[in-house]
Protein chains: 2
Amino acid sequence: MLSLAEENYLKAIYHLSDDGAKDVLTNELADSMNTKAASVTDMIKKLSAKELITYKKYYGVNVTAKGKGRALQVIRKHRLWETFLVQKLNFTWDEVHEIAEQLEHIRSPRLIEKLDEFLGFPTVDPHGDPIPDGKGKIKIKPQVPLDQVTEGYKGTIIAVKDSDSNLLKYLEKIGAMPGRKIQVIGKEPYDESLEIILENQKVFVSKDVSKNILVTE
Amino acid sequence: MLSLAEENYLKAIYHLSDDGAKDVLTNELADSMNTKAASVTDMIKKLSAKELITYKKYYGVNVTAKGKGRALQVIRKHRLWETFLVQKLNFTWDEVHEIAEQLEHIRSPRLIEKLDEFLGFPTVDPHGDPIPDGKGKIKIKPQVPLDQVTEGYKGTIIAVKDSDSNLLKYLEKIGAMPGRKIQVIGKEPYDESLEIILENQKVFVSKDVSKNILVTE
DNA sequence: ATATTTTTTTAGACAAGCCTAAATTTTATA
DNA sequence: TATAAAATTTAGGCTTGTCTAAAAAAATAT
């Protein structure tokens, strides 16, 4: 059984590694966990001893198959709770992340099964992120960050990367939510800001924003 | 802000003291927390320093007004979550206690307000226990344990004291749930077992059971 | 009233998870 | 390639919450 801290580290490693695609450095992890590098090294050793991550001194860590499975279970719980908070308790999508960070650690397989059923087996959370199934399987749609598309692009918003409350409030204001149609009219070479159409309205968004919007390919 | 352990101790002290009516001894608390007396003494000192409990060495502890308020907030959360689990997720009343023990520590005042609203502002939980309001106020109905009533008693079940899963399953089987009408036909002098009528059915219950059933006066 | 038993407290230790400061290894630069 | 800078690890320490063993206080029995 994993402690709360262990679950949080594992989840962070999973996310930072892009589903295991690249190794995660100690300082990266320290930043993302709001802790110090020395503390990270301590925890890394514990997770490594439990064979949840691979660890090569000075060269970073990554999740093992076992570790990835555990991380996905936590992510599943997080996303189901976020869905519950928005769909059933009428929270807005910018309010739910912090609460779900707590709820994701509740231990009860039956609870998650029942919650999943209560919500009608949702496949994505309020931010458009896919919800892993009970076995940790995720269905990922082909997607690309909005800052990578070319002028003239037409597609649909799939998800939003960052869960920062201010970003989400802003995106809601301009209508940039998962499921919405989106077009790119122009791209400013100087700062890579985009002129886009959302809900028949022209809007300008900076690169800082556009890189957090994931759209269909 | 209180730690998880502190909240649990405070809640235990509140319950064992009967809402502050009597002092709680170190060993009592150790038993109820499944821990050792020495550990209890340590924690008692911390809670006492925070003025959440009064502590007289060797003579036990009790909640202060501040401590009682905190305990009631935790109890409010516990009972709201139990209600959610039974009413919305279709858990049976014998399954919810353990899960609510975890959920009661989630920190988010907004979450509890919204949950309360979602549930339609319930006043009692699935075991018949009253749910404190946002300010910690409880409405307690006059009640008495079933083992204290005399032959011929007629009334209604208000609540069940123990949350032991086996007891609850048994009570459900014989129809002894909050809200049900109940009559006492006879009391056996030797072991104080009772012959009762529930749902037009005669049943015998031992004193161990009857003392856990709270009925109208 | 004194001795024995029970209860409670104190003393000292340990694991988890964090920290700072120092040492080490890797990377970047001259 | 030698050296400086940056990243990482190690060493040692702190807090929380737990434990065991010993000491002290209270309750009980003789």
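A note on names: the letters A, B, ... follow the listed sequences, proteins ahead of strands, and every chain is numbered from 1.
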**Prompt:** Is any side-chain nitrogen or oxygen of B/Thr41 closer than 4.0 Å to OP1 or OP2 of C/dT10?
**Reply:**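 Answer is no, no contact under 4.0 Å.
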
**Prompt:** Do we get A/Lys68 above A/Tyr14's six-membered ring, with its NZ or CZ under 6.0 Å from the centre and within 45° of the axis?
**Reply:**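 That pair does not qualify as a cation-pi contact.
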
**Message:** Which is more 5' along DNA chain C, the nucleotide nearest A/Lys57 or the one nearest A/Lys46? Just name the residue.
**Reply:**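 The residue whose closest nucleotide sits nearer the 5' end is A/Lys46.
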
**Request:** Specify the residue among B/Gly60 and A/Glu6 whose closest nucleotide of DNA chain C lies further upstream toward the 5′ end.
**Result:**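 It is B/Gly60 whose nearest nucleotide is closer to the 5' end.
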
Name the nucleic acid region contacted by [X], choosing base, sugar-phosphate or nothing; use a 4.0 angstrom heavy-atom cut-off, strictly under.
X: A/Asn27; answer: sugar-phosphate
X: A/Lys56; answer: nothing
X: B/Ala37; answer: base

Report the nucleotide, chosen from [options], that has the shortest atom-to-atom distance to any side-chain atom of [X].
X: B/Ser39; options: D/dC19, C/dC19, C/dT27; value: D/dC19
X: A/Thr26; options: D/dT9, C/dT7, C/dT9; value: D/dT9
X: A/Tyr58; options: D/dT18, D/dT8, C/dT10; value: D/dT8
X: B/Met43; options: D/dG17, D/dT20, C/dG17; value: D/dG17

**Protein-nucleotide distance (A/Glu28, atom CD; D/dA7, atom P), rounded to Å** =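 That distance rounds to 11 Å.
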
